[in-house]
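Below is one structure, written out as structure tokens; the observations come after it.
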Amino acid sequence: SNPGKPRTVEQFMRSFKRKSGISALIAWNGGYILNPELVGKLGLAETYIGSPLGLLITDGIISSAPLFNKPALLIYKDGSIGIQRVNCRRGLIVSWKGHHLRFDPSAHNPVGNERKPAYYDLMHPDDSFGGMGRTIIRLSGNVIKEIRKTDEKESVRIVPVGLTLALDPKDVPDGLAPGAQLELMIPGLEEVKHAVEAGPLLLDHGKCVIDMEEEGWNRTNSIRTQAARLDYTDMRGPKIAVGINQRNELAVLTINGRIRESVGATHLDMARILEDL
């Protein structure tokens with residue numbers, strides 16, 4: 001009834017039941033979005049409110065690409081479930097009204113002043129890159145927020161929200177403008193029907209593999225968007241974790257926190273509980 005108003009988990013569950021006739025067995029909040037407070041702190045336009053900050057796939061449609069190297073819960077088209085780190089390192093295909101822009105893996109986060117087409121996520125080692133006269137396209141999820149041509153010596157800031165594409169001006173499709181919704185294809189995710197990025201990855205084959213640095217949690221842009229905090233290794237609070245056993249069954253572990261009866265858990269606590277199970 002209010003498309004622009006945030007909805008609670010319970011409201012999502014009621015909406016899902018009305019549309020599908022199915023009652024959800026379990027539901028929880030997951031993924032990361034930019035709220036109005038963060039948009040203000042980052043100095044971004046109000047149009048960025050609600051922007052997703054990680055991989056989102058619904059019915060096989062990618063509405064937001066991974067920006068770091070964080071894990072996602074993946075539901076495949078054949079019904080199987082997976083959990084793995086996801087990123088854009090293998091290349092990217094962007095489509096709009098029959099136009100296809102293809103980026104091979106070498107176009108991912110290049111360092112130095114290069115004129116070739118490229119795409120940048122938040123794992124780039126620097127805070128900016130050389131414009132070199134290319135046209136940049138800034139994305140929030142799969143929606144274009146900005147298109148503009150750069151100067152030869154211009155330094156382009158990486159915004160901590162979405163992918164940034166850098167193209168030869170002649171390769172930009174005619175009519176492409178802010179507000180356009182693009183189709184994204186990421187190699188390796190073709191068979192995924194639904195996905196939501198979360199993290200960190202706790203276990204792999206039953207062993208603890210927490211690596212916040214590899215997943216980009218301690219990078220400036222992750223902390224600025226509050227997807228992580230400087231004390232992420234020791235932060236204790238309410239947490240939700242998902243695990244998959246060898247029978248492809250999903251288990252959800254919930255720990256309360258910030259109340260008298262429970263101070264919550266750390267990431268390592270969650271990993272140990274899942275490992276014991």
Side-chain angles (χ1 to χ4, degrees), residues 8-10 12-33 52-93 141-142 183-212 214-217 227-228 237-257 264-277:
T8 65
V9 173
E10 289 83 359
F12 272 110
M13 290 180 69
R14 289 195 291 269
S15 174
F16 176 75
K17 185 175 182 179
R18 284 196 305 270
K19 293 177 180 178
S20 67
I22 301 171
S23 296
L25 295 177
I26 186 169
W28 69 94
N29 57 314
Y32 310 96
I33 63 169
L53 297 173
L55 178 67
L56 281 177
I57 301 177
T58 305
D59 287 325
I61 297 174
I62 300 176
S63 57
S64 182
L67 300 177
F68 292 96
N69 187 37
K70 297 174 181 178
L73 174 65
L74 310 172
I75 301 175
Y76 293 90
K77 295 175 182 177
D78 64 3
S80 60
I81 310 170
I83 296 173
Q84 68 180 51
R85 293 186 177 114
V86 290
N87 54 63
C88 290
R89 295 173 184 168
R90 297 182 182 179
L92 177 70
I93 299 175
N142 63 348
E183 180 181 340
L184 306 177
M185 200 287 280
I186 300 170
L189 299 178
E190 296 91 342
E191 297 303 313
V192 176
K193 185 174 183 180
H194 302 289
V196 60
E197 184 179 307
L201 187 64
L202 301 176
L203 302 180
D204 188 17
H205 292 85
K207 301 299 180 183
C208 182
V209 293
I210 298 174
D211 192 332
M212 306 296 276
E214 181 180 353
E215 295 179 8
W217 293 91
K239 285 186 171 58
I240 300 172
V242 177
I244 303 168
N245 66 16
Q246 292 180 340
R247 295 185 297 276
N248 201 44
E249 295 170 334
L250 187 72
V252 180
L253 170 65
T254 65
I255 303 291
N256 211 334
T266 65
H267 295 314
L268 188 57
D269 292 333
M270 301 297 279
R272 286 171 175 165
I273 294 170
L274 289 175
E275 192 173 8
D276 289 342
L277 296 175

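As the structure is a prediction and not an experimental result, all values here were calculated from the model.
Heavy atoms only, all atoms of each residue included: Lys17 and Ser23 are closest at CE-OG, 3.2 Å. Contact detail for His267 and Pro200: the closest heavy-atom pair is CE1-CD, 3.5 Å. Nearest heavy-atom pair, Ile186 versus Cys88, reported as atom, atom and distance to 0.1 Å: CD1-SG, 4.1 Å. For Gly91 against Pro187, the heavy-atom pair with the smallest separation is O-CD, 3.3 Å. Closest approach of Val9 to Ala27, counting heavy atoms only: CG1-CB, 3.7 Å.
Between Trp217 and Asn69 there is no side-chain heavy-atom pair separated by less than 4.5 Å. Using a 4.5 Å heavy-atom threshold, the side chains of Ile83 and Leu74 count as separate. Contact check for Leu253 versus Ile240: no side-chain heavy atoms found under the 4.5 Å cut-off. Considering only heavy atoms from C-beta on, Ile62 stays 4.5 Å or farther from Met185 through its side chain. Side-chain contact between Met13 and Thr8: absent, with no pair of heavy atoms (C-beta onward) separated by less than 4.5 Å. You'll find the side chain of Leu274 reaches within 4.5 Å of the side chain of Leu202, heavy atoms only. The closest side-chain heavy-atom distance from Ile255 to Met270 is below 4.5 Å. Pro71 places none of its side-chain heavy atoms less than 4.5 Å from the side chain of Val86.
Atom CD of Gln246 sits in a sparse spot, with 12 or fewer heavy atoms from other residues, nucleotides or ligands closer than 6.0 Å. Within a 6.0 Å radius of NZ in Lys239, other residues, nucleotides and ligands contribute more than 12 heavy atoms. Within a 6.0 Å radius of NZ in Lys77, other residues, nucleotides and ligands contribute more than 12 heavy atoms.
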Practice prompt. Show the numbers, then the answer: is there a side-chain contact (heavy atoms from CB on, under 4.5 Å) between Ile57 and Ser63?
Written response: CA-CA 6 Å; Ile57 301 177; Ser63 57; over 6 Å; no

Worksheet entry | Working for side-chain contact (heavy atoms from CB on, under 4.5 Å), residues Asp59 and His194 | CA-CA 6 Å; Asp59 287 325; His194 302 289; 3.3 Å; yes

Worksheet item: What do the steps show when you test Leu55 against Phe68 for side-chain contact (heavy atoms from CB on, under 4.5 Å), and what is the final call?
Response: CA-CA 10 Å; Leu55 178 67; Phe68 292 96; over 6 Å; no

Worksheet item: Going through the checks in order, is the side-chain contact (heavy atoms from CB on, under 4.5 Å) test met by Arg85 and Leu201?
Response: CA-CA 7 Å; Arg85 293 186 177 114; Leu201 187 64; 3.9 Å; yes

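Atoms CG and CD1, from Leu250 and Ile81 in turn, are 5.0 Å apart once rounded to the nearest 0.5 Å. One distance of note links CG of Asn87 with CD of Gln84; it measures 9.0 Å at 0.5 Å rounding. For the atom pair CG of Leu56 and CD of Glu197, the computed distance is 8.0 Å after rounding to the nearest 0.5 Å.
Only one option out of Ile61, Ile93, Asn142 pairs with Leu184 in a side chain to side chain contact (heavy atoms under 4.5 Å, CB included); it is Asn142.
Checking side-chain atoms of Ser80 against main-chain N and O of Tyr76 turns up no donor-acceptor pair under 3.5 Å. No side-chain donor-acceptor contact under 3.5 Å links Glu249 to the backbone of Arg247. The backbone N or O of Asp269 lies less than 3.5 Å from a partner atom in the side chain of Thr266, making a donor-acceptor pair. With Ser64 contributing its side chain and Gly54 its backbone, the two residues share a donor-acceptor pair below 3.5 Å. Judged by distance alone, with hydrogens and angles left aside, the side-chain atoms of Glu215 form no donor-acceptor pair with the main-chain N or O of Lys70 at under 3.5 Å.
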